[in-house]
Amino acid sequence: MGQTRFFFTAAKADAERLFPAFEAEFEEDGLPLARVELDETAGIDEISLYVDGDPGDTETRIKKILRALDAPQDLSRENLPDVDWVARSLEGLKPVRAGRFFVHGGHDRHRRRIGDISIEIEAGLAFGTGHHGTTAGCLETIEKVVRREHPRSALDLGAGSAVLAIAIAKMAHIPVLATDIDPVATKVAAENVRLNGVPALVRTATAPGFHHPVFSLAGPFDLIVANILARPLMQLAPQMARHVTPGGSLILSGILERQRDAVLAAYSAQHFRHVRTLPREGWVTLHLKR
Ligand SMILES: C[S@@+](CC[C@H](N)C(=O)[O-])C[C@H]1O[C@@H](n2cnc3c(N)ncnc32)[C@H](O)[C@@H]1O
């Protein structure tokens with residue numbers, strides 16, 4: 001049996017009230033919870049609870065909290081594929097080369113060549129096996145930036161599988177913070193970090209955008225990589241500016257070609273200058289400096 005996600009939307013003020021009640025109820029069971037801003041303008045959040053295996057009476061318990069706190073009862077659920085199923089489907093996928101990086105599953109370990117910086121990623125529930133144009137674009141740009149600029153610290157925001165954070169740690173041997181809004185992704189990221197032998201360098205945390213004290217503790221960063229989507233990237237521009245060191249670099253991806261100019265405008269308003277655009281499969285990866 002795979003994983004079930006229970007989720008519902010709520011006005012921001014309600015979500016703020018409900019989330020701690022869910023944390024208190026499900027803390028002992030160790031069930032991952034996530035709160036995501038679905039629509040910033042309308043002030044709508046989504047709260048999700050993930051259950052591995054048989055969900056038992058989880059639905060009844062969630063509804064009880066909603067009733068007790070006088071919240072709407074429209075709870076949704078979806079079944080997520082279990083990790084083993086996804087891992088099996090990866091066995092057919094070929095390893096990926098991007099610059100010096102070689103991203104592969106365990107079954108292709110023997111294909112590593114001398115000089116490769118190899119990253120082993122088993123498919124999990126988190127995005128990032130290197131096959132997507134945005135991930136490959138980031139890997140190629142990371143190689144160039146690390147080689148030329150020798151950053152001393154880095155942030156991978158929206159780390160997914162942590163493929164980019166692991167790439168930076170393995171190439172530059174510097175501390176990297178890897179964060180994701182999704183606690184399931186963070187769990188997979190931490191496993192991949194261990195698998196690749198870089199737990200002393202890569203720290204993982206669950207955080208929406210820059211909402212977590214860890215950013216001030218670990219930052220500012222000489223290099224920030226964020227492969228999320230154009231809209232959240234534009235919203236995050238002022239905070240990116242605050243968390244990158246003067247002269248530091250930003251690598252942004254998850255941007256469609258037609259969205260490039262809007263993203264560049266949002267970042268030039270924060271005094272970032274465009275260094276390079278790398279197009280791949282309809283997506284672009286941007287390198288910016290401040
Ligand atoms: C396209 S995947 C990129 C994964 C990996 N970095 C890569 O390049 O292959 C985007 C990731 O960003 C996360 N994400 C989306 N919005 C976010 C936000 N506002 N804050 C933090 N993470 C976010 C998603 O959960 C997802 O894991």
Side-chain angles (χ1 to χ4, degrees), residues 5 7 32-40 44-46 48 50 80 86 90 93 95-96 98-99 101 103-105 119-143 145 154-169 176-193 196 202 204-212 214-215 221 223-240 243 250-256 259 263 266 278 280-287:
R5 178 171 82 108
F7 58 104
L33 268 168
R35 183 174 147 204
V36 178
E37 196 170 58
L38 273 194
D39 186 331
E40 195 187 5
I44 306 287
D45 284 7
E46 181 185 71
S48 302
Y50 297 83
L80 302 170
V86 181
L90 180 77
L93 291 177
V96 175
F101 297 114
V103 188
H104 63 89
I119 304 165
E120 186 167 325
I121 300 289
E122 290 306 344
L125 294 173
F127 182 102
T129 53
H131 291 85
H132 199 266
T134 60
T135 311
C138 285
L139 286 170
E140 277 187 36
T141 311
I142 284 170
E143 193 201 331
V145 171
L155 164 67
D156 177 6
L157 193 146
S161 66
V163 57
L164 304 179
I166 294 167
I168 297 168
V176 187
L177 175 63
T179 63
D180 203 286
I181 198 168
D182 176 356
V184 178
T186 312
K187 194 166 160 252
V188 176
E191 282 162 16
N192 284 328
V193 165
N196 283 275
V202 183
T204 55
T206 302
F210 285 92
H211 294 292
H212 198 293
V214 73
F215 293 100
F221 307 93
L223 169 62
I224 300 181
V225 186
N227 178 11
I228 46 178
L229 292 171
R231 194 165 158 265
L233 283 175
M234 290 192 279
Q235 287 167 348
L236 287 170
Q239 294 175 69
M240 292 282 190
H243 287 88
L250 214 56
I251 298 174
L252 305 179
S253 200
I255 303 160
L256 293 167
Q259 298 169 324
V263 175
L278 180 66
R280 257 184 186 249
E281 299 160 19
W283 300 88
V284 293
T285 299
L286 304 178
H287 175 201

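Since the model is a prediction, treat every value here as computed from it, not as a measurement. Just so you know, ligand 1 is whichever comes first in the structure, and atom 1 is the first atom listed for that ligand.
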With sequence neighbours excluded, what pairs up with R280 under the side-chain contact (heavy atoms from CB on, under 4.5 Å) test?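 Scan of R280 (side-chain contact (heavy atoms from CB on, under 4.5 Å), adjacent residues dropped) gives A136, E140.
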
Using non-hydrogen atoms of the residue, decide whether [X] is closer than 4.0 angstrom to ligand 1.
X    : answer
T134 : no
I228 : yes
P232 : no

Worked check of side chain to side chain contact (heavy atoms under 4.5 Å, CB included) between V163 and N192: CA-CA 8 Å; V163 57; N192 284 328; over 6 Å; no

Parallel, tilted or perpendicular: rings of F215 and H243 (30°, 60°):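 Rings of H243 and F215: perpendicular, as their planes differ by over 60°.
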
Does an N or O from D182, backbone or side chain, lie closer than 3.5 Å to an N or O of ligand 1?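 Min N/O separation from ligand 1 is not below 3.5 Å for D182.
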
Using distance alone, determine whether N227 and ligand 1 share an N or O pair under 3.5 Å.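 Such a contact does occur with ligand 1.
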
Answer with side chain, backbone, both or neither: which part of T179 has a heavy atom less than 4.0 angstrom from an atom of ligand 1?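 Neither; no heavy atom under 4.0 Å.
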
Have a look at ligand 1 and work out which part of A159, if any, has a heavy atom under 4.0 Å from it: side chain, backbone, both or neither.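 Contact part for A159 vs ligand 1: backbone (N, CA, C, O).
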
Determine, considering heavy atoms only, which of A226, A207, G158 sits nearest to atom 6 (N) of ligand 1.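 Looking at heavy atoms only, the winner is G158.
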
Could you list the atoms of ligand 1 found under 4.0 angstrom from a heavy atom of G209?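 Contacts of ligand 1 toward G209, numbered from 1: 18 (C), 19 (N), 20 (N), 21 (C).
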
Heavy-atom contacts with L164 under 4.0 Å: which atoms of ligand 1 show up? List them by number with element.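 Answer, ordered by atom number: 6 (N), 8 (O).
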
Give the C-alpha distance, both sets of side-chain angles, the deciding distance and a yes or no for side chain to side chain contact (heavy atoms under 4.5 Å, CB included) between N227 and W283. CA-CA 11 Å; N227 178 11; W283 300 88; over 6 Å; no

Which residues pass the salt bridge (charged side-chain N to carboxylate O under 4.0 Å, His left out) test with E191, not counting sequence neighbours?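 Applying salt bridge (charged side-chain N to carboxylate O under 4.0 Å, His left out) to E191 gives none.
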
Side chains of T134 and S253 only: does a donor on one sit below 3.5 Å from an acceptor on the other?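 No donor-acceptor contact under 3.5 Å links the two side chains.
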
Give a yes or no on whether the backbone of L236 and the side-chain of Q239 come within a donor-acceptor separation of less than 3.5 Å.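 No: the side chain of Q239 does not pair with the backbone of L236.
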
